[in-house]
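Input: a single structure, listed below in structure tokens.
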Amino acid sequence: MMAVAALERDAELMLRVRDGDSTSFSLLLERHRGPVIRFLYRMVQNQALAEDLAQEVFLRVYKSRATYEPTAKFSTWLFRIATHLALNRMRDGKHEKGHESLSTASENGQAAHQYSDGMPTIEQDLVRQARLAEVRAAIGALPEKQKAAVLMHKYQEMEYSQIAAVLECSESAVKSLLFRAYETLRIRLSHMA
Amino acid sequence: MNCPTRNTETIDLLLDYSAGKLSAMQAAEIEVHLSSCPECRAFAKSQHQIWNALDTWEAAPVSESFDRRLFDRIAEVERQPSWRDWFIGRRMWRPALSIGAACAALAVVLTIPAVRDTGARNPATPATVIPIENTRSVDPIEPEQLERALDDLEMLKQLSSSSVQNL
């Protein structure tokens with residue numbers, strides 16, 4: 001029920017943006033900025049590029065405000081734009097596969113896990129960073145649509161129907177994408193069990 | 001329960017079970033199946049491990065200047081003429097160029113007079129049409145000639161039928 005209310009709230013806010021209410025746009029930005037950037041970051045694996053693409057997403061939302069109609073969930077529309085931009089950038093080859101170095105990841109402020117003794121040892125932190133690099137590489141190696149489906153399913157916790165709407169395919173196709181993607185990840189990350 | 005690993009339509013049950021998204025009743029139903037299906041049990045276990053591995057990938061925080069940069073870009077867009085944004089933003093110039101090129105090509109085709117074949121015959125193809133100037137003049141058939149020809153044909157017909165009867 002709360003989720004439904006939130007979705008209706010999104011549409012209501014966007015209709016106010018259509019009517020010229022900039023405060024409503026700020027509220028939508030506040031609510032969806034984080035999820036969009038995190039999704040794009042995991043798609044392109046570059047924080048600066050992810051923020052650049054996210055800005056483009058919200059810019060397009062703003063430009064489209066005059067013709068907005070709540071025919072689909074606002075978040076579905078948002079992630080559809082984000083997915084298209086990410087896929088286009090990756091296909092154009094402008095995406096710099098500069099996987100962040102371990103030191104860069106630390107500078108980005110990725111929180112260190114809290115271990116049982118409260119403070120991670122250097123060895124534990126190195127192991128964690130190595131595992132993280134493997135996860136990122138495994139995700140990065142997935143075909144584009146499988147990658148997008150996994151990221152939306154795992155990290156955005158989207159329903160299959162919404163993922164299907166974002167990727168503009170059937171639910172069956174989404175389940176097939178996810179099944180193949182997780183199968184690949186299982187094979188690649190099996191040693192991490 | 002049909003084995004979820006053998007049907008992509010129900011594989012989501014195992015995925016959701018591994019992610020802890022099922023209700024207690026649904027989870028209990030899955031666990032009954034898992035107790036007797038080694039394949040699904042292995043799938044669920046490995047899927048749970050994958051989930052844990054993916055959990056280690058945390059995203060970096062959003063930069064503090066994100067909103068300011070976005071609103072700067074919006075302000076820039078607002079300063080541009082609306083027609084420019086409508087035309088360029090929608091990339092209308094691309095189809096417009098294509099349509100214009102097509103119209104220009106059509107105009108060229110229509111204005112160039114067609115080249116007619118005035119008698120040259122392509123030796124590779126048999127002549128199916130004889131140019132008028134190459135035909136010999138044909139004498140018109142007299143009505144009496146036609147009548148005599150028809151009478152001859154009738155006679156031949158009668159002769160052939162009588163010879164068949166005599167066989």
Side-chain angles (χ1 to χ4, degrees), chain A residues 22 25-26 29-30 33-35 37-42 47-48 50-52 54-56 58-60 62-63 100 104-105 107-111 113 128 131-132 134-136 138-139 150-151 153-155 157 160 171-176 178-180 182-183 185-190 192-193, chain B residues 3-22 39-40 42-80 82 84-91:
Chain A
S22 59
F25 182 77
S26 296
L29 180 64
E30 182 71 29
R33 178 205 308 118
I37 293 176
R38 286 191 287 272
F39 169 73
L40 287 168
Y41 165 69
R42 291 186 173 107
Q47 182 66 14
E51 291 198 6
D52 189 49
Q55 295 221 340
E56 185 62 33
F58 288 104
L59 194 60
R60 291 192 179 198
Y62 184 79
K63 285 181 180 179
E100 293 171 353
T104 307
E107 289 163 2
N108 276 342
Q110 287 186 318
H113 276 250
R128 187 184 71 81
R131 289 166 66 94
L132 175 59
E134 285 200 63
V135 168
R136 291 177 54 173
I139 295 282
V150 165
L151 295 181
H153 181 247
K154 163 59 183 166
Y155 297 104
E157 299 183 320
Y160 300 103
E171 272 193 54
S172 295
V174 168
K175 292 177 185 178
S176 180
L178 288 172
F179 179 75
R180 293 201 302 271
Y182 285 127
E183 183 69 29
L185 291 175
R186 265 192 299 279
I187 294 171
R188 186 148 179 175
L189 301 175
S190 59
M192 294 175 66
Chain B
C3 193
T5 53
R6 296 175 191 167
N7 184 355
T8 53
E9 286 297 321
T10 54
I11 195 67
D12 57 305
L13 290 174
L14 275 183
L15 292 177
D16 291 344
Y17 171 77
S18 304
K21 292 182 179 179
L22 294 183
E39 194 174 329
C40 286
F43 180 98
K45 181 182 177 185
S46 62
Q47 185 63 27
H48 186 70
Q49 290 166 349
I50 290 297
W51 219 253
N52 289 338
L54 296 181
D55 279 338
T56 61
W57 193 9
E58 296 175 1
V62 179
S63 63
E64 293 181 359
S65 63
F66 180 86
D67 285 8
R68 178 185 55 76
R69 285 184 284 124
L70 173 62
F71 287 120
D72 284 347
R73 290 180 69 173
I74 289 176
E76 179 64 31
V77 166
E78 298 280 75
R79 281 194 289 270
Q80 291 174 356
S82 59
R84 180 171 182 271
D85 180 61
W86 182 86
F87 190 70
I88 294 178
R90 285 161 177 74
R91 301 188 178 181

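Any value given below was found using the heavy atoms of this structure, including those in side chains, with hydrogens, waters and symmetry copies removed. Per chain, numbering begins at 1; letters A, B, ... match sequence-line order. Owing to the predicted nature of the structure, the values given are computational and were not obtained by experimental measurement.
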Given the options I11(B), L15(B), D12(B), L178(A) meets side-chain contact (heavy atoms from CB on, under 4.5 Å) only with L15(B)
Mind listing the closest non-hydrogen atom pair of [X] and [Y] along with its distance?
X	Y	answer
I139(A)	L54(B)	CD1-CD2, 3.8 Å
Y41(A)	E58(B)	CE2-O, 4.4 Å
R42(A)	A59(B)	NH2-N, 3.5 Å
V62(B)	Q47(A)	CA-NE2, 4.3 Å
L132(A)	T56(B)	CD1-O, 3.7 Å

Geometric class of the Y182(A)/W51(B) ring pair [parallel <30°, tilted 30-60°, perpendicular >60°]:
tilted
[atom1]-[atom2] distance between [X] and [Y], expressed to the nearest 0.5 angstrom:
X	Y	atom1	atom2	result
R33(A)	D67(B)	CZ	CG	4.0 Å
K63(A)	I74(B)	NZ	CD1	10.0 Å
Q55(A)	F71(B)	CD	CZ	10.0 Å
I37(A)	F66(B)	CD1	CZ	4.0 Å
R69(B)	D52(A)	CZ	CG	8.0 Å

Residue part contacting chain B, namely of [X], when any heavy atom lies under 4.5 Å:
X	value
L185(A)	both
E56(A)	both
A54(A)	both

Contact part of A53(B) toward chain A, heavy-atom cut-off under 4.5 Å: side chain, backbone, both or neither?
both
Atom group of K21(B) that falls short of 4.5 Å from chain A, counting heavy atoms
side chain
Starting from the C-alpha separation in whole Å, work towards a yes-or-no answer on side chain to side chain contact (heavy atoms under 4.5 Å, CB included) for Y160(A) and D16(B).
CA-CA 11 Å; Y160(A) 300 103; D16(B) 291 344; 2.9 Å; yes
Quick one: is the NZ or CZ of R73(B) closer than 6.0 Å to the six-membered ring centre of F58(A), and within 45° of its axis?
no
Heavy-atom pairs under 4.5 Å with chain B - which of R188(A), R38(A), R186(A) has more of them than the others?
R186(A)
If you draw a 6.0 Å radius around CD in E78(B), do more than 12 non-hydrogen atoms from other residues or ligands fall strictly inside?
yes
